[in-house]
Protein chains: 2
Amino acid sequence: MANLHSAIELFPTPDHDHHSCAASILEAAERICAERRVRLTEKRRQVLEIIAKSHTAAGAYEILEKMAGPKGRPAPVIVYRALDFLMAQGFVHRLASLNAFIACANPQSDHGSQFLICRDCRAVMEFSNPTLGKAIHEGAQAASFSVDATMVEVSGLCAACARAQHE
Amino acid sequence: MANLHSAIELFPTPDHDHHSCAASILEAAERICAERRVRLTEKRRQVLEIIAKSHTAAGAYEILEKMAGPKGRPAPVIVYRALDFLMAQGFVHRLASLNAFIACANPQSDHGSQFLICRDCRAVMEFSNPTLGKAIHEGAQAASFSVDATMVEVSGLCAACARAQHE
DNA sequence: GCAACAATTGTTATTGTATAACATTTTATG
DNA sequence: CATAAAATGTTATACAATAACAATTGTTGC
């Protein structure tokens, strides 16, 4: 998760080392699950790994395809149950505007979900702007509305794709 | 659309006169369509009316049910095409987190979509907080991200439902 | 009016997203 | 090791959205 000032450096570029971030995500998940005494079972681990390794948001059926073994792919409910667990633990976020899922870059801290989503390359940057969070909570409070969850999804063009379009 | 300071008054209460807001929404839509020289055809009008009369966000198939005549309900594509038109004209917003649709309270002004959604009664309040919009744009700019559309959907409990739960 | 074209609607089929209900297996606990 | 809880397997279905093409309706210029 990036704060806004370093955002420009942190938007995932096509060539960054995604394998190592996937590894650290899995490691962190294992540690946190041990702490919380919940089980990161094989299926759950498998789903998290697929999502973490993906450069872009992954749809549930895309994940299913990648889970396919010699006997074909598992039933959809398998992946949805794993996703439910992973989301409950904060390891994965759901992007409502894409019906897709991405690994959380910072699963420790409980935070609102705020995303920049490139419509071209589908890269996703999670960010956390305190001003934004505060504005939402103030707005809710003014309406006597008690907030459970906030969804902020901004779609547009990432810098790399914008450059590519101008060529 | 409410600004934040008057939000508390404007969150739709269970007993407000929704019929009259539906009427004024339809009237406005007719006027705007005439101005723009686009056609508010029977199907489109019908879909808008159903959405406008609904106290809560309406799913596409819920709308279909309400469109059903003696010959059964129309094909899904009918309602989706009407929704495409109504969204293009700014009369209806889509709530990504619910896969549902609500009438826009202020179709004139072009604005980002910001919603408070009660998880209990499914009432929806559209609001517009300039601070929030600004924070999003600043964040995007810091990431050299050019924004097409922003979605802010806050789910929680509205004041009425919160009161009801404490009883 | 009417030919030509554009916009809208109708029809059928299909793809994608997600959950329900219930059976079976695996894991934790006394 | 018996039992309960958690997780997975299986089958079926509901809900969401679009594709492809045909038929109809509306608009425009002649």
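Letters A, B, ... are given to chains in the order of the sequence lines, protein chains preceding strands, and every chain is numbered from 1.
Between atom CD1 of residue B:Ile117 and atom CD1 of residue B:Ile102 there is a gap of 8.0 Å, rounded to the nearest 0.5 Å. Rounded to the nearest 0.5 angstrom, B:Phe91 CZ and B:Leu40 CG are separated by 7.0 Å.
The side chain of A:Phe101 lies closest to C:dA18 when the candidates are C:dA18, C:dT11, D:dA7. Candidate nucleotides D:dT10, C:dT9, C:dT11 were compared by shortest atom distance to the side chain of B:Lys43, and C:dT9 ranks first. Checked against D:dC15, D:dT10, C:dA18, the side chain of B:Tyr61 finds its nearest nucleotide in D:dC15.
Following rounding to the nearest Å, A:Arg94 (CZ) and C:dG16 (C1') show an atom-to-atom distance of 12 Å. Atom CG of A:Leu64 is separated from atom C1' of D:dT10 by 14 Å (rounded to the nearest Å). In this structure, CD1 of B:Ile63 is placed 14 Å from P of D:dC15, rounded to the nearest angstrom. Taking atom CG on A:Leu83 and atom P on D:dA7, their separation rounds to 15 Å, with Å as the unit. Taking atom CZ of A:Arg44 as the reference point, atom P of C:dT27 lies 12 Å away to the nearest angstrom. Summarising the geometry, the separation between CZ on B:Arg73 and P on D:dA14 is reported as 11 Å, rounded to the nearest angstrom. One interatomic measurement links the two molecules: CD of A:Glu62 to P of C:dT17, which rounds to 9 Å at whole-angstrom precision. The distance from atom CG of A:Asp84 to atom P of C:dT17 is 16 Å, rounded to the nearest whole Å.
At least one side-chain nitrogen or oxygen of A:Asn99 sits closer than 4.0 Å to the OP1 or OP2 atom of C:dA18. Checking the phosphate oxygens (OP1, OP2) of C:dT9, a side-chain nitrogen or oxygen of B:Thr41 falls inside 4.0 Å. Contact annotation: B:Tyr80 side-chain N/O to D:dA17 OP1/OP2 distance is under 4.0 Å.
Side-chain N/O atoms of B:Gln114 and B:Ser128 include no donor and acceptor closer than 3.5 Å.
Checking B:Arg39 against B:Ala75, the closest nucleotide of DNA chain C that is more toward the 5' end is the one next to B:Arg39. Across the interface with DNA chain C, nearest-nucleotide mapping of B:Glu42 and A:Arg81 shows B:Glu42 to be the residue nearer the 5′ end.
A salt bridge between A:Glu35 and A:Arg31 is present, with a side-chain N of the basic residue lying under 4.0 Å from a carboxylate O of the acidic one.
Across all their heavy atoms, A:Ile78 and A:Pro74 have their closest contact at CG1-CB, 3.9 Å.
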